[in-house]
Structures are given as C-alpha cells and as structure tokens.
Amino acid sequence: MNETNDIVEQRRKKIEDLKKENINLFPNDFIVTSTVKDVLNEIEKAPDSITENAPVFALAGRMMAINRFGKAAFVRFRDRTGYLQAYIRKDRVGDEAFSLFKKLDIGDFIGIKGGMFKTKTGEWTQLANEIKLVCKAIRPLPEKFHGLKDPEKRYRQRYIDLIMNSNVRDIFVKRSKIVQEIRTFLLKRDFLEVETPMMQPIPGGAEATPFKTYHNALGMDLFLRIAPELYLKRLVIGGFEKVFELNRNFRNEGVSTRHNPEFTMLEFYQAYATYNDLMDLTEEMIKAAAVNVTGSTLITYNGNSIDLGRKWLRMPLLKAMEEIGGIDPSLLDDRGKLLNFASSKGINITQKTGAKNVCLGKIIAKLFDILVEPKLIQPTYITGYPVEISPLSRKSDNDHTLTDRFELFIAGHEIANGFSELNDPDDQKKRFLQQVADREAGDEEAHYMDEDYIKALEYGMPPTAGEGIGIDRLAMIFTDSASIREVILFPLMKNEKNDTIIN
RNA sequence: GGGCCGUUAACUCAGUUGGUAGAGUAUCUGCCUUUUAAGCAGAGAGUCGCGCGUUCAAGUCGCGCACGGCCCA
C-alpha cells in the first residue's frame, strides 16, 4: 500500500512544514463540549439567546468542504450527529491560527470554539474564536459531488463509503436499530439472551456445508457453526424455557446478492408454544420493528409496495405449489412425475445436492424456490413442510408426511424458518440416521449424527417451538437494499492480488 | 460452475475507423472577509487492471489471467 500520487506527496510536504512549526498533527487535548445536534437543539429552544459571542461551543469534526476567501473561509464539518458550517476570520482567530488553518485540507479533523450567527442566506454558522487541528489526514477524500460510487472500493474501504455517503450511514444505523428493537422485544417477553458455541465439534441445526478448523492444543477438528439450534434446545432441556441468540452463523457456500459466508441470525425457542404461536409473535415483532425503525408498516422494496400492517397470509406449502406455482396437485406426491415436470421447465434438481436419489421433499422445495418464492411479495407464511426435509421438526398430528413448520417470505425473500420442535428422541434418532444415509449417498449438506443431542432429548425437552430469522435479509428489506453486501459493513471479498498468503 | 458487463488522473466519467491521453471536481500558485458544487487567472497530475499476441502503430483488435457488478445454476 505504498502507492504514491502527487496529492499525497503535496500533503506530506505540508505536514513537514507543520512539523517544523512544532504543530502536533495528532493531539488529544481538545475538549469537546457539544455535538452539532446539541447546538442545533439549543438554537431551536431559544434562538434569541444565541449570539456570535455567547454561548461558546467547543465542537470537533471532519472537514468536508472549505470555501476560502483570502482572509476568511467557510468550513463545513461533520460529527456523528450532523453537519455544521463554521466561519473562520483571520481577524478573529489571529494570524498564527489562520496561517495554520491555511495549511489544512478537506478530510482533516478540526476543533472549533465559538458562538453562533446566521449568515446572509440564513444558515446558522459557528463563528470561530479558535480553530485547532485535531487530526491530520494524509490521503485525500473522493470528490464531494459524485462521492464514492465504485462498489468494489465501497466494500473494501467501507470507511470512505461511510465518510462520503450519508445513505450508507443511514442503512447501518437502521440495521443496528432493527437488532436493538428485536432484542428489546424479546427481553420484554422474558426471553433470556444466551451465547452458545460458534466452534462446534459436530456442526448441526441446518443443511449447509460448514467451515472446518483445527484446535492445535486439543488436537481436534472443529467446525464454525452453521446454526446454534441444537445448543439452544439443550438449554431448553436445561430449563431455560425462553432463550434467544442473536449472532453470526457461517456457511461455506457461494457468495451472491443474498449470501455472505458469515451472516447474522436470530434464533429463539419458547417452551409450551407451537409454531402457530411463533407466527403470531414474529408478525408482532417485525411490525413493531418496522414502526420503531422506519416509522411505518409500509415499506418499499425493489419498487414493490409492501404492507406489513395487514394480517399476514398463511398458506400450506402444497396449496402454494398448486395455486401460486401452477403445479398440478396430482404431481406433488409422485417423484417421477415431478422430476419430469421439473426437467420440462428446465430445472435440474440433482445438480446441487449431489445426491442420486433426491427425495420428493427436496424436489418440492426446489420447485418452490423457483416457481413460488419470487412471487411471495407481501408477507406470507408457508406452512406444512415435508418431513424428509425437516429433520428437526415435529410431525403434524393429522398428516405424518408433513411437519408443524413454517417459513416466512417477504418481498420474494425467505426471512424466517420456524417449527414446533421434534422432542421424541427415538424419532429424532431415526431422522438423523436417514440424514447420515443421505450424506453417504452424496448429499454434503445432510446432517451429521449427534449422539449427545439425542441423549439430551432423552432427558426430556418440553414441547417447544423455535425459529430462526435472517437479520441481514430483514435489514435488506427495511432499507430497500438489493444486495446483502449493502447491509453488511465488511462483506467478504477476495484478495485484490492473489499474493497475500498468511501462514 | 456458466453468461453478460466493467476496470483510463485522488474521485466521477469521456475517449470516434487502431495513429502517442481528455473533462469536471479535487490538488498546487496568485487574488478575494457571508460562501452553499463560491468566483477569477494560471499550473501540475496517467504502469489506460495484469500478461501475451496481431500490427509500422494498441486505451481501442484477439487470447489468457485477476478483481468487481448483474443475471443464471
């Protein structure tokens, strides 16, 4: 990173000049008394009490624009709460401070002390009594009007993106608020927030390929978790009847506009509840988050107007396949017919899983993803998933081929997956054995056997319902972001040059 | 994994039929004490992503590679 250009060289030259004058480029003694927002609030409260002489505010921030006029200048600077303009006059700050100020650049941090006045155009502006350098920037910022647009640079150097693009700052503030709202919502309902292992000896709780790592001292393989599910249910067995975890999962899969290898999930479990209860709770929670974060239950995503305020539709999976996917229901219980139907639509089922004998449930799920999911724009719960693709879900009492499971879709995105938990240890063992067989048949995403989890279930897990909600996808929908990279501060990127190898 | 598109000054972008590189902003110098993308005068700034090839000549054409974006699987 030693590339030079003439702007950086010029700045380094200025820095040498400043050093010769004994100017500290990185001081830490400027005392900030107010934020920009504090000042604006005081003005709003009592505008008549504000003058250019008093009260005196001490503010600090990054200079984003400078208009110089020989012996005076306007400076636009920003702190975390907003922008403020300051007016620097040579006859007010003194010759020495003004000649220092002349050497400062856009991007530098300054501290200013002074009162407030209104300019000719009516903008409240700080009149500097003092101006100090608080931190020198060596590299120049992008141009003020067009800002930084190059997506690669925006992701790799997110700090510049955040400096330059207020809409990007807004997205991440919103994301943080979503997380906070969800946490508050669950804590109010007596859920306990917990942290379970991210490094697991047996990865479980989802169908996905894990990242593998190795513990040197213990001499053991470990996997980064693909889901916290099996640990959270152990906690329910332990007596924590309402738990949640809101943190990162890791899946060793491709990167796309909807997938980042590490992503954030909420998982929560509630004893003595059913999947129907969780649908009610989720609806309430996401509506509350929408109101508290965006101010409304109406959101726009990708040009679609989405109304979170209406009662959310609930539709059985097989009915959705028929009514929305346009699939003849007589095909839905016949593997062969359904495979023929898929290939007539140009959909190759076997390719992804690698398994030779793909089960009926997987074929249905795949067709659902392609033919139904994109059409689920308004919030919709799809219920009743086939048992063979729901190895941790409780079987429906009235149909043992289906489970008490739902998925939530908004704006064509899968947002949540929840179910009444399977708490019969013998049934769970059978399901794991089927998964192991699938794995041996070539399905790399099938579950591993987890004997300890079976043992835990044998101690008894009360009837429980649990759910996972994809926080990144929720953030995408709340911020009208087309790519998951727009809601992850530092999305995973390949090395710019393939020569960075760390041993 | 496949397809399409992109990569040119610090940033945003032009660059015609292959003929030795352009603008705006930013930067530097000078003038300027109420600007709002300030103004006026002048100046500097490029490994055209990387490599190979075709050609008298490549930012431009061809092949390969890297990174990124979108779509598909």
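In what follows, chains carry the letters A, B, and so on, assigned in the order in which the sequence lines appear, proteins first and then strands, with residues in each chain numbered from 1. Being a predicted model, the structure only gives us computed values, none of them experimental.
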Within the structure shown, what part of the strands sits under 4.0 Å from [X] by heavy-atom distance: base, sugar-phosphate, or nothing?
X	result
Met493(A)	sugar-phosphate
Ile7(A)	base
Lys14(A)	sugar-phosphate
Gly254(A)	nothing
Tyr155(A)	sugar-phosphate

[X] side-chain N/O to [N] phosphate OP1/OP2 under 4.0 Å:
X	N	value
Arg68(A)	A38(B)	no
Arg485(A)	C70(B)	yes
Thr257(A)	C71(B)	yes
Asn67(A)	A38(B)	yes
Lys494(A)	C67(B)	yes
Lys153(A)	G68(B)	no

Specify the separation, in whole Å, of atom [atom1] of [X] and atom [atom2] of [N].
X	N	atom1	atom2	answer
Arg154(A)	C70(B)	CZ	C1'	15 Å
Tyr87(A)	U34(B)	OH	C1'	5 Å
Phe117(A)	U33(B)	CZ	P	15 Å
Glu52(A)	U34(B)	CD	P	14 Å
Met64(A)	A10(B)	CE	P	19 Å
Arg76(A)	A26(B)	CZ	P	14 Å
Asp17(A)	C28(B)	CG	C1'	13 Å
Arg11(A)	C11(B)	CZ	P	13 Å

Measure from the side chain of [X], starting at C-beta and using heavy atoms only, and say which of [options] lies closest.
X	options	answer
Lys120(A)	C11(B), U34(B), U12(B)	U34(B)
Asp105(A)	U25(B), C28(B), U33(B)	C28(B)
Phe69(A)	U12(B), U35(B), G68(B)	U35(B)
Pro142(A)	C11(B), G68(B), G69(B)	C11(B)
Arg89(A)	U33(B), G69(B), U12(B)	U33(B)
Lys144(A)	U12(B), A38(B), U33(B)	A38(B)
Asp6(A)	A45(B), U35(B), A26(B)	A45(B)

[Y] versus [X], side-chain donor and acceptor atoms under 3.5 Å:
X	Y	answer
Thr294(A)	Ser296(A)	no
Gln157(A)	Asp161(A)	no
Thr264(A)	Arg175(A)	yes
Thr209(A)	Glu253(A)	no

Spacing of the [atom1] atoms in [M] and [N] (rounded, Å):
N	M	atom1	result
U16(B)	G6(B)	P	13 Å
G59(B)	U47(B)	C1'	12 Å
G64(B)	U20(B)	P	29 Å
A26(B)	A37(B)	P	12 Å
G15(B)	A23(B)	P	15 Å
C13(B)	A9(B)	C1'	11 Å
A57(B)	G69(B)	P	38 Å
A58(B)	C67(B)	C1'	23 Å

Original post:
Stacking here means centres under 5.5 Å and planes under 30°; does Phe74(A) stack on U35(B)?
Top reply: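 The ring of Phe74(A) is stacked on U35(B).
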
Subject >> Candidate list Glu152(A), Arg158(A), Arg154(A), test side chain to side chain contact (heavy atoms under 4.5 Å, CB included), partner Arg156(A), passing option >> reply: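 So the option named by the test is Glu152(A).
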
**OP:** Have a look at Leu84(A) and tell me which of Lys37(A), Glu123(A), Met116(A) forms a side chain to side chain contact (heavy atoms under 4.5 Å, CB included) with it.
**Re:** Met116(A)

Subject >> Within residues 51-69 of chain A or reaching into it, pairs that qualify as side chain to side chain donor-acceptor pair (under 3.5 Å) - sequence neighbours excluded >> reply: Asn53(A)-Arg92(A)

Original post:
With Tyr87(A), which of Trp124(A), Phe69(A), Phe74(A) fulfils ring pair (Phe, Tyr, Trp, His ring centres under 6.0 Å)?
Top reply: Phe74(A)

Subject >> Nearest-0.5 Å distance, CG of residue Asn260(A) to CZ of residue Arg251(A) >> reply: 12.5 Å

Original post:
Given the side-chain rings of Phe406(A) and Tyr381(A), with only the six-membered ring counted for Trp, is the space between their centroids under 6.0 Å?
Top reply: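 Centroid distance Phe406(A)-Tyr381(A): below 6.0 Å, so yes.
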
Hey, are [X] and [Y] close enough for a salt bridge, meaning a charged N less than 4.0 Å from a carboxylate O?
X	Y	result
Lys149(A)	Glu143(A)	no
Lys20(A)	Glu16(A)	no
Arg405(A)	Glu467(A)	no

**OP:** Dot-bracket for RNA chain B, please, read 5' to 3', with Watson-Crick or G-U wobble pairs under 3.5 Å on both distances, ( ) within the strand, [ ] crossing, | other strand, . unpaired.
**Re:** (((((((..((((.....[..)))).(((((.......))))).....(((((..]....)))))))))))).

Original post:
Ignoring hydrogens and angles, are the base of U33(B) and the side chain of Asp91(A) linked by a donor-acceptor pair under 3.5 Å?
Top reply: yes

Subject >> Side-chain donor/acceptor contact of Gln85(A) with base of U35(B) under 3.5 Å >> reply: yes

**OP:** Report the residue (Lys118(A) or Lys149(A)) whose heavy-atom-nearest nucleotide on RNA chain B is the more 5′ of the two.
**Re:** Lys149(A)

Subject >> Residue whose closest nucleotide on RNA chain B lies nearer the 5' end, Ala65(A) versus Arg156(A) >> reply: Ala65(A)

Would you tabulate the nitrogen or oxygen pairs shorter than 3.5 Å linking the protein to nucleotides 21-24 of chain B?
| from | atom 1 | to | atom 2 | distance (Å) |
| --- | --- | --- | --- | --- |
| G24(B) | N2 | Glu143(A) | OE1 | 2.8 |

